[in-house]
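Residue numbers start from 1 in every chain, and the chains themselves are labelled A, B, ... in the order their sequence lines are given, proteins ahead of strands. Below, all heavy atoms of this structure are taken into account, side chains as well, without hydrogens, waters or symmetry copies.
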Number of protein chains: 2
Amino acid sequence: MDDTKRSRLEAAGWRVGDAADFLELTTEEAAFIELKLALADYLRDMRVQHGWTQTHVARVLGSSQSRVAKMESADASVSVDLLVKSLLTLGASRKQVGQVIARAA
Amino acid sequence: MDDTKRSRLEAAGWRVGDAADFLELTTEEAAFIELKLALADYLRDMRVQHGWTQTHVARVLGSSQSRVAKMESADASVSVDLLVKSLLTLGASRKQVGQVIARAA
DNA sequence: CGATAGTATGTCAGATACGACATACCTGTC
DNA sequence: GACAGGTATGTCGTATCTGACATACTATCG
(Lines give C-alpha, C1' and ligand atoms only; values in the text may rest on other atoms or scores of the structure.)
Protein backbone atom coordinates (compact mmCIF):
# COMPACT_ATOMS: atom_id res chain seq x y z
CA MET A 1 0.00 0.00 0.00
CA ASP A 2 1.55 3.27 -1.05
CA ASP A 3 1.37 6.47 0.94
CA THR A 4 -0.96 8.17 -1.49
CA LYS A 5 -3.60 5.52 -1.12
CA ARG A 6 -3.09 5.41 2.61
CA SER A 7 -3.67 9.12 3.01
CA ARG A 8 -6.74 8.94 0.78
CA LEU A 9 -8.16 6.23 2.97
CA GLU A 10 -7.40 8.24 6.06
CA ALA A 11 -9.02 11.27 4.50
CA ALA A 12 -12.04 9.11 3.85
CA GLY A 13 -12.37 8.68 7.58
CA TRP A 14 -10.83 5.27 7.93
CA ARG A 15 -8.24 4.63 10.56
CA VAL A 16 -5.11 3.47 8.81
CA GLY A 17 -2.11 3.31 11.04
CA ASP A 18 0.56 0.83 10.15
CA ALA A 19 0.46 -2.32 8.05
CA ALA A 20 -0.91 -4.43 10.88
CA ASP A 21 -3.74 -2.00 11.47
CA PHE A 22 -4.52 -2.03 7.79
CA LEU A 23 -4.92 -5.75 7.83
CA GLU A 24 -7.92 -5.29 10.11
CA LEU A 25 -9.80 -4.25 7.01
CA THR A 26 -11.35 -7.26 5.38
CA THR A 27 -11.04 -7.74 1.65
CA GLU A 28 -14.63 -6.63 1.12
CA GLU A 29 -14.18 -3.53 3.23
CA ALA A 30 -11.14 -2.53 1.24
CA ALA A 31 -12.93 -3.20 -2.04
CA PHE A 32 -15.88 -1.13 -0.91
CA ILE A 33 -13.70 1.81 0.06
CA GLU A 34 -11.79 1.74 -3.20
CA LEU A 35 -15.04 1.57 -5.09
CA LYS A 36 -16.19 4.66 -3.23
CA LEU A 37 -12.93 6.46 -3.93
CA ALA A 38 -13.28 5.67 -7.63
CA LEU A 39 -16.76 7.21 -7.71
CA ALA A 40 -15.53 10.24 -5.79
CA ASP A 41 -12.65 10.76 -8.19
CA TYR A 42 -14.97 10.45 -11.14
CA LEU A 43 -17.31 13.05 -9.68
CA ARG A 44 -14.45 15.50 -9.28
CA ASP A 45 -13.18 14.77 -12.79
CA MET A 46 -16.62 15.38 -14.22
CA ARG A 47 -16.96 18.67 -12.39
CA VAL A 48 -13.51 19.94 -13.28
CA GLN A 49 -13.84 18.92 -16.91
CA HIS A 50 -17.04 20.92 -17.17
CA GLY A 51 -15.42 23.85 -15.43
CA TRP A 52 -17.99 23.80 -12.64
CA THR A 53 -17.44 24.96 -9.07
CA GLN A 54 -18.51 22.85 -6.09
CA THR A 55 -21.09 25.52 -5.33
CA HIS A 56 -22.58 25.20 -8.79
CA VAL A 57 -22.73 21.43 -8.56
CA ALA A 58 -24.33 21.74 -5.14
CA ARG A 59 -27.07 23.92 -6.60
CA VAL A 60 -27.74 21.41 -9.36
CA LEU A 61 -27.89 18.56 -6.87
CA GLY A 62 -29.96 20.49 -4.35
CA SER A 63 -27.21 20.15 -1.82
CA SER A 64 -24.46 22.29 -0.33
CA GLN A 65 -20.87 23.07 -1.26
CA SER A 66 -19.56 21.37 1.83
CA ARG A 67 -21.29 18.13 0.98
CA VAL A 68 -19.91 18.21 -2.55
CA ALA A 69 -16.44 18.64 -1.08
CA LYS A 70 -17.03 15.64 1.16
CA MET A 71 -18.32 13.62 -1.77
CA GLU A 72 -15.19 14.32 -3.77
CA SER A 73 -12.99 13.28 -0.87
CA ALA A 74 -15.07 10.14 -0.27
CA ASP A 75 -15.71 11.26 3.28
CA ALA A 76 -17.02 8.56 5.61
CA SER A 77 -20.25 10.52 5.98
CA VAL A 78 -20.99 10.11 2.27
CA SER A 79 -22.80 7.04 0.99
CA VAL A 80 -22.38 5.28 -2.34
CA ASP A 81 -26.05 6.03 -2.80
CA LEU A 82 -25.37 9.75 -2.77
CA LEU A 83 -22.39 9.44 -5.09
CA VAL A 84 -24.28 7.38 -7.64
CA LYS A 85 -27.37 9.59 -7.53
CA SER A 86 -25.19 12.66 -7.93
CA LEU A 87 -23.29 11.25 -10.89
CA LEU A 88 -26.52 10.32 -12.64
CA THR A 89 -27.99 13.75 -11.95
CA LEU A 90 -24.90 15.42 -13.37
CA GLY A 91 -25.36 13.48 -16.57
CA ALA A 92 -23.33 10.31 -16.21
CA SER A 93 -24.96 7.21 -17.64
CA ARG A 94 -25.63 4.06 -15.72
CA LYS A 95 -23.08 2.41 -17.97
CA GLN A 96 -20.42 4.97 -17.12
CA VAL A 97 -21.06 4.50 -13.42
CA GLY A 98 -20.71 0.76 -13.83
CA GLN A 99 -17.45 1.13 -15.69
CA VAL A 100 -16.03 3.38 -13.00
CA ILE A 101 -16.90 0.76 -10.41
CA ALA A 102 -15.63 -2.16 -12.46
CA ARG A 103 -12.29 -0.60 -13.30
CA ALA A 104 -9.58 -2.49 -11.45
CA ALA A 105 -7.96 -0.75 -8.49
CA MET B 1 -43.27 0.19 -19.71
CA ASP B 2 -44.52 -3.33 -19.26
CA ASP B 3 -46.53 -4.53 -16.32
CA THR B 4 -43.71 -6.63 -14.95
CA LYS B 5 -41.38 -3.69 -14.62
CA ARG B 6 -44.20 -1.53 -13.28
CA SER B 7 -44.99 -3.99 -10.52
CA ARG B 8 -41.33 -4.34 -9.67
CA LEU B 9 -41.03 -0.61 -9.32
CA GLU B 10 -44.13 -0.50 -7.17
CA ALA B 11 -42.76 -3.31 -5.09
CA ALA B 12 -39.65 -1.21 -4.65
CA GLY B 13 -41.78 1.39 -2.90
CA TRP B 14 -42.18 3.82 -5.76
CA ARG B 15 -45.56 5.19 -6.57
CA VAL B 16 -46.37 4.18 -10.13
CA GLY B 17 -49.94 4.84 -11.08
CA ASP B 18 -50.59 5.48 -14.73
CA ALA B 19 -48.30 6.62 -17.50
CA ALA B 20 -48.63 10.28 -16.56
CA ASP B 21 -47.64 9.59 -12.99
CA PHE B 22 -44.71 7.59 -14.19
CA LEU B 23 -43.43 10.52 -16.16
CA GLU B 24 -42.93 12.36 -12.89
CA LEU B 25 -39.85 10.24 -12.49
CA THR B 26 -36.88 12.00 -13.98
CA THR B 27 -34.47 10.12 -16.18
CA GLU B 28 -31.92 9.94 -13.36
CA GLU B 29 -34.46 8.65 -10.89
CA ALA B 30 -35.50 5.91 -13.29
CA ALA B 31 -31.87 5.02 -13.98
CA PHE B 32 -31.15 4.85 -10.28
CA ILE B 33 -34.08 2.56 -9.59
CA GLU B 34 -33.18 0.24 -12.45
CA LEU B 35 -29.62 0.14 -11.22
CA LYS B 36 -30.89 -0.86 -7.81
CA LEU B 37 -33.16 -3.52 -9.28
CA ALA B 38 -30.23 -4.95 -11.21
CA LEU B 39 -28.17 -5.29 -8.03
CA ALA B 40 -31.13 -6.81 -6.21
CA ASP B 41 -31.66 -9.37 -8.96
CA TYR B 42 -27.99 -10.23 -8.94
CA LEU B 43 -28.05 -10.77 -5.20
CA ARG B 44 -30.97 -13.17 -5.52
CA ASP B 45 -29.30 -14.99 -8.40
CA MET B 46 -26.13 -15.40 -6.39
CA ARG B 47 -28.02 -16.74 -3.41
CA VAL B 48 -30.15 -19.17 -5.42
CA GLN B 49 -27.21 -20.41 -7.47
CA HIS B 50 -25.37 -21.28 -4.28
CA GLY B 51 -28.48 -22.91 -2.86
CA TRP B 52 -28.53 -20.59 0.12
CA THR B 53 -31.61 -19.53 2.09
CA GLN B 54 -32.28 -15.90 2.95
CA THR B 55 -31.73 -16.82 6.58
CA HIS B 56 -28.30 -18.21 5.79
CA VAL B 57 -27.32 -15.13 3.83
CA ALA B 58 -28.59 -12.95 6.66
CA ARG B 59 -26.32 -14.77 9.09
CA VAL B 60 -23.32 -14.30 6.82
CA LEU B 61 -24.10 -10.60 6.42
CA GLY B 62 -24.86 -10.06 10.09
CA SER B 63 -28.37 -9.06 9.21
CA SER B 64 -31.85 -10.56 9.29
CA GLN B 65 -33.94 -12.65 6.90
CA SER B 66 -36.44 -9.85 6.45
CA ARG B 67 -33.78 -7.41 5.35
CA VAL B 68 -32.41 -9.90 2.83
CA ALA B 69 -35.93 -10.27 1.43
CA LYS B 70 -36.18 -6.50 1.15
CA MET B 71 -32.78 -6.33 -0.52
CA GLU B 72 -33.81 -8.85 -3.14
CA SER B 73 -37.00 -6.92 -3.87
CA ALA B 74 -35.11 -3.62 -4.02
CA ASP B 75 -37.33 -2.24 -1.28
CA ALA B 76 -37.24 1.53 -0.85
CA SER B 77 -35.75 1.06 2.61
CA VAL B 78 -32.67 -0.60 1.13
CA SER B 79 -29.73 1.49 -0.04
CA VAL B 80 -27.34 0.80 -2.87
CA ASP B 81 -24.69 0.92 -0.18
CA LEU B 82 -26.18 -2.11 1.51
CA LEU B 83 -26.62 -3.99 -1.75
CA VAL B 84 -23.04 -3.39 -2.85
CA LYS B 85 -21.57 -4.22 0.56
CA SER B 86 -23.64 -7.39 0.69
CA LEU B 87 -22.60 -8.52 -2.77
CA LEU B 88 -18.94 -7.97 -1.93
CA THR B 89 -19.30 -9.84 1.35
CA LEU B 90 -20.96 -12.76 -0.42
CA GLY B 91 -17.97 -13.00 -2.72
CA ALA B 92 -18.76 -10.87 -5.74
CA SER B 93 -15.83 -8.88 -7.09
CA ARG B 94 -15.83 -5.14 -7.57
CA LYS B 95 -15.64 -5.86 -11.28
CA GLN B 96 -18.72 -8.05 -11.20
CA VAL B 97 -20.64 -5.38 -9.33
CA GLY B 98 -19.61 -2.80 -11.90
CA GLN B 99 -20.70 -5.04 -14.74
CA VAL B 100 -24.10 -5.59 -13.17
CA ILE B 101 -24.54 -1.85 -12.90
CA ALA B 102 -23.26 -1.11 -16.37
CA ARG B 103 -25.39 -3.69 -18.11
CA ALA B 104 -28.03 -1.89 -20.15
CA ALA B 105 -31.59 -2.03 -18.86
C1' DC C 1 -0.40 43.20 2.04
C1' DG C 2 -5.95 42.98 1.47
C1' DA C 3 -9.59 41.12 -1.00
C1' DT C 4 -11.95 37.73 -3.56
C1' DA C 5 -13.10 32.96 -5.25
C1' DG C 6 -12.85 28.36 -4.48
C1' DT C 7 -12.31 24.44 -1.54
C1' DA C 8 -11.97 21.93 3.01
C1' DT C 9 -13.41 20.85 7.80
C1' DG C 10 -16.47 20.63 11.92
C1' DT C 11 -20.90 20.44 13.82
C1' DC C 12 -25.83 19.70 14.27
C1' DA C 13 -30.94 18.87 13.85
C1' DG C 14 -33.83 16.37 11.02
C1' DA C 15 -34.29 12.63 7.70
C1' DT C 16 -33.43 8.05 6.22
C1' DA C 17 -31.67 3.32 6.58
C1' DC C 18 -30.58 -0.36 9.62
C1' DG C 19 -31.29 -4.92 12.23
C1' DA C 20 -34.71 -7.11 14.70
C1' DC C 21 -39.01 -8.98 15.69
C1' DA C 22 -43.71 -10.46 14.77
C1' DT C 23 -46.56 -12.26 11.66
C1' DA C 24 -48.52 -13.32 7.15
C1' DC C 25 -47.96 -15.74 2.96
C1' DC C 26 -46.69 -19.52 0.00
C1' DT C 27 -45.79 -24.51 -1.40
C1' DG C 28 -44.66 -28.90 -0.50
C1' DT C 29 -45.15 -33.35 2.14
C1' DC C 30 -47.50 -36.34 5.13
C1' DG D 1 -56.27 -30.66 6.76
C1' DA D 2 -51.87 -29.90 9.60
C1' DC D 3 -47.25 -29.10 9.83
C1' DA D 4 -42.69 -27.33 8.17
C1' DG D 5 -39.31 -24.64 5.54
C1' DG D 6 -38.84 -20.72 3.09
C1' DT D 7 -40.07 -16.03 1.75
C1' DA D 8 -42.67 -11.51 2.21
C1' DT D 9 -44.58 -7.50 4.78
C1' DG D 10 -45.16 -4.21 8.59
C1' DT D 11 -43.40 -1.81 12.42
C1' DC D 12 -40.07 0.08 15.72
C1' DG D 13 -35.93 1.94 18.29
C1' DT D 14 -31.50 3.17 17.11
C1' DA D 15 -27.70 4.32 14.09
C1' DT D 16 -26.11 6.53 10.19
C1' DC D 17 -26.53 10.00 6.45
C1' DT D 18 -27.85 14.55 4.77
C1' DG D 19 -28.21 19.52 3.89
C1' DA D 20 -27.03 23.56 6.04
C1' DC D 21 -24.29 26.69 8.34
C1' DA D 22 -20.01 28.59 10.18
C1' DT D 23 -15.47 28.92 9.61
C1' DA D 24 -10.78 27.82 8.06
C1' DC D 25 -7.65 27.04 4.56
C1' DT D 26 -5.45 28.11 -0.17
C1' DA D 27 -4.58 30.27 -4.07
C1' DT D 28 -4.58 34.30 -7.33
C1' DC D 29 -4.85 39.10 -8.40
C1' DG D 30 -4.29 43.93 -7.74
Expressed as a whole number of angstroms, how long is the span from Leu61(A):CG to dA20(D):C1'?
15 Å
Would you mind telling me which residue lines up with the more 5' stretch of DNA chain D, Trp52(B) or Gln65(A), judged by nearest nucleotide?
Trp52(B)
Between Val48(B) and Leu83(A), which is nearer to the 5' end of DNA chain D once each is assigned its nearest nucleotide?
Val48(B)
Can you tell me the distance, in whole Å, between the CZ atom of Arg59(B) and the C1' atom of dG19(C)?
15 Å
What is the separation between atom CE on Met71(B) and atom P on dA17(C), rounded to the nearest whole Å?
14 Å
How many whole angstroms separate atom NE2 of His56(B) from atom C1' of dG5(D)?
16 Å
Which is true for Ser64(B) with a 4.0 Å heavy-atom rule: it touches a base, it touches only sugar-phosphate, or it touches nothing?
base
Could you check whether Val68(B) gets within reach of a base, just the sugar-phosphate, or nothing at all, counting any heavy atom under 4.0 Å?
nothing
At what distance, to the nearest 0.5 angstrom, does CD1 of Ile101(B) lie from CD of Gln99(A)?
11.5 Å
Interatomic distance, Arg94(A) atom CZ to Leu35(B) atom CG [nearest 0.5 angstrom]
5.5 Å
Distance-only donor-acceptor test, Lys70(A) side-chain atoms vs dG19(D) base atoms, 3.5 Å
no
Atom CG of Asp81(A) and atom C1' of dC18(C): how far apart are they, to the nearest Å?
13 Å
Would you call the rings of His56(B) and Trp52(B) parallel, tilted or perpendicular, taking 30° and 60° as the class edges?
tilted
Arg67(B) side chain near dT11(D) phosphate (N/O to OP1/OP2, under 4.0 Å)
no
Taking side chain to side chain donor-acceptor pair (under 3.5 Å) as the criterion, tell me which of Arg59(B), Arg67(B), Glu72(B) meets it with Gln54(B).
Glu72(B)
Look at the side chain of Ser66(B) and decide which nucleotide, out of dG10(D), dC18(C), dG19(D), has an atom nearest to it.
dG10(D)
Give a yes/no answer on whether the side chain of Ser79(B) brings an N or O atom under 4.0 Å of OP1 or OP2 in dA17(C).
no
Side-chain-base donor-acceptor pair under 3.5 Å for Gln54(A) and dA8(C)
no
Taking OP1 and OP2 of dG6(C), is either one under 4.0 Å from a side-chain nitrogen or oxygen of Arg44(A)?
no
Can a donor-acceptor pair be found between the side chains of Ser73(B) and Asp75(B) at a distance below 3.5 Å?
no
If you check every side-chain atom of Arg47(B), which of dA8(C), dT7(D), dC17(D) has the closest atom?
dT7(D)
Per Leu82(B) side chain, nearest of listed nucleotides dT7(C), dT18(D), dC18(C)
dC18(C)
